[in-house]
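Encoded as structure tokens, the structure appears first; notes follow it.
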Amino acid sequence: MSDLATEAFVTHRNLLFTVAYEMLGSAADAEDVLQETWLRWVQVDLDQVQDQRAYLVRTTTRQALNRLRALSRRRESYVGPWLPEPMLTSPDIAEDVALADSVSMALMLVLETLTPTERAVFVLREAFDLSYDEIAAAVDKNPAAVRQIAHRARQHVEARRPRATVTAAETRAALASFQRALATGDLQTFLDVLAPDIVLVSDGGGIKQAAVRPIVGADKVARFMLGGLRKTTETITLEPAVVNANPALLVRVDGEIDGIMAVRVEAGRILGLYYVRNPEKLTRITTETPLSRR
């Protein structure tokens, strides 16, 4: 292991982690991919590497693709709806609109509907602006095939992703209204902040109680949330946080972390509500995780 190899890996580590996380939706799996990338990197003759960043991204992508194919099979047996693993991120990351969009819960869920190769191509092209030649080398396809895959993946994502860009301030305002609705326990106050066709997805992973399938519609979501509040005698608090580079709420029950609520906002109302309760996915919400597109 040379100092130069270590220095290069550390320099690009945040970028490599972000690539792996966007492909996998799991910080734990992304860390495993980085470990595999490192083990391969220390075996490389650096004199033969013309572009260290490109080489590392290519290796990370290949390892992430291998893991993504295995994860696809594992998620078929996952208990209840699956949501990406949330991560506490620094507030200034939200200023990078492209990065904030690419790691948002809403877009990450859309990426789950792509094939592993489509996801890799889309992420590398749209989030990291790699050339078709660079992507081709990473996914073992020719550039012409990569162009076709990128076009198909882009069409698929555009048909399902949020239709309008929403600022962090707009999201924070919607979350503040949501908090007030929870505090008052008033049904109409809830309905005013929820979009009519809102979808609530909760992920307990079979460990914590959660809805076994998505709940659709403002009235059903509001009654589900209010019903849960009325049944509990525990103290529930919601704290603003920046998760996956977007405003979110950290939920505590009797002072203990219970989960993360992320949202998708459109026209000032909450259209998507994503509640991660699976404790195995809550290990990255007390310390900030650095992300990078560079």
Side-chain angles (χ1 to χ4, degrees), residues 17-18 20-35 64 67-89 102-114 116 119 175 178-179 182 198-216 220-221 224-225 227-229 231-232 234-264 270 272-289 291:
F17 176 85
T18 308
Y21 174 74
E22 289 195 27
M23 285 184 60
L24 298 166
S26 164
D29 287 305
E31 289 289 2
D32 287 344
V33 163
L34 257 62
Q35 180 65 22
R67 185 161 290 250
L68 185 57
R69 291 178 179 121
L71 286 176
S72 297
R73 293 188 291 272
R74 194 193 311 168
R75 284 174 192 165
E76 291 175 3
S77 59
Y78 193 81
V79 179
W82 182 94
L83 287 171
E85 182 179 351
M87 300 181 298
L88 187 71
T89 49
S102 68
V103 296
S104 69
M105 198 72 71
L107 184 60
M108 296 281 280
L109 275 176
V110 174
L111 297 185
E112 283 294 311
T113 63
L114 297 173
R119 183 166 184 167
L175 285 170
F178 180 79
Q179 284 183 272
L182 276 176
I198 181 177
V199 178
L200 164 64
V201 182
S202 54
D203 178 348
I207 302 172
K208 285 284 194 78
Q209 186 175 1
V212 294
R213 53 182 62 87
I215 299 173
V216 182
K220 288 182 180 179
V221 170
F224 176 81
M225 298 293 293
L229 281 175
K231 288 178 184 176
T232 184
E234 299 167 308
T235 301
I236 299 175
T237 58
L238 289 83
E239 304 169 10
V242 178
V243 174
N244 286 39
N246 288 269
L249 294 172
L250 174 62
V251 183
R252 292 184 185 272
V253 175
D254 285 345
E256 298 294 322
I257 293 174
D258 183 76
I260 281 288
M261 279 189 182
V263 295
R264 169 182 169 184
I270 297 175
L273 182 58
Y274 314 108
Y275 190 13
V276 181
R277 296 194 72 206
N278 183 347
E280 294 179 351
K281 294 185 178 181
L282 299 176
T283 62
R284 292 222 169 212
I285 57 174
T286 55
T287 304
E288 291 179 2
T289 297
L291 302 174

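Residues take their numbers from the sequence shown, with the count starting at 1. What you see is a predicted model, and the numbers here were worked out from it, not measured in a lab.
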For Phe178, enumerate each residue passing the ring pair (Phe, Tyr, Trp, His ring centres under 6.0 Å) test, keeping only those at least two apart in sequence or located in another chain.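 Residues passing ring pair (Phe, Tyr, Trp, His ring centres under 6.0 Å) with Phe178: Phe190.
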Closest approach of Gly25 to Met108 (non-hydrogen atoms, all atoms of both residues):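 Distance-wise, the nearest heavy atoms are CA-CE, 3.5 Å.
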Of the non-hydrogen atoms in Val212 and Pro81, which two are nearest, and what is the gap between them?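 Heavy atoms of Val212 and Pro81 come nearest at O-CD, 3.4 Å.
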Answer whether the closest heavy-atom distance between the side chains of [X] and [Y] falls below 4.5 Å.
X	Y	answer
Ile257	Val251	no
Met225	Tyr275	no
Val276	Met105	yes
Thr289	Tyr21	no

Any residue meeting side chain to side chain contact (heavy atoms under 4.5 Å, CB included) with [X], in chain and number order, not counting sequence neighbours:
X	value
Leu88	Ala241, Glu288
Glu112	Arg75, Trp82, Arg119
Ala106	Ser104, Pro162, Arg264, Tyr274
Ala245	Thr89, Ile93, Ala100, Val103

What pairs with [X] under side-chain hydrogen bond (donor to acceptor under 3.5 Å, both in side chains), at least two apart in sequence or on another chain?
X	value
Asp29	Ser26, Arg67
Thr113	His156
Ser102	Glu22

Side-chain donor/acceptor of Glu85 to backbone N/O of Ala27, under 3.5 Å: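 Yes; judged by distance alone, with no hydrogens or angles, the pair exists.
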Would the distance check show the side chain of Ser202 and the main-chain N or O of Ala210 forming a donor-acceptor pair, the cut-off being under 3.5 Å?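 No, the answer is negative, given that no donor and acceptor are paired below the 3.5 Å cut-off.
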Write out all pairs satisfying salt bridge (charged side-chain N to carboxylate O under 4.0 Å, His left out) with one or both partners inside residues 277-286, taking only residues at least two apart or from two chains.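 Qualifying pairs, neighbours excluded: Glu31-Arg284, Asp203-Lys281, Asp258-Arg277.
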For Met23 and Val33, run side chain to side chain contact (heavy atoms under 4.5 Å, CB included): C-alpha distance rounded to whole Å, both residues' side-chain angles, the deciding distance at 0.1 Å, then the answer. CA-CA 11 Å; Met23 285 184 60; Val33 163; over 6 Å; no
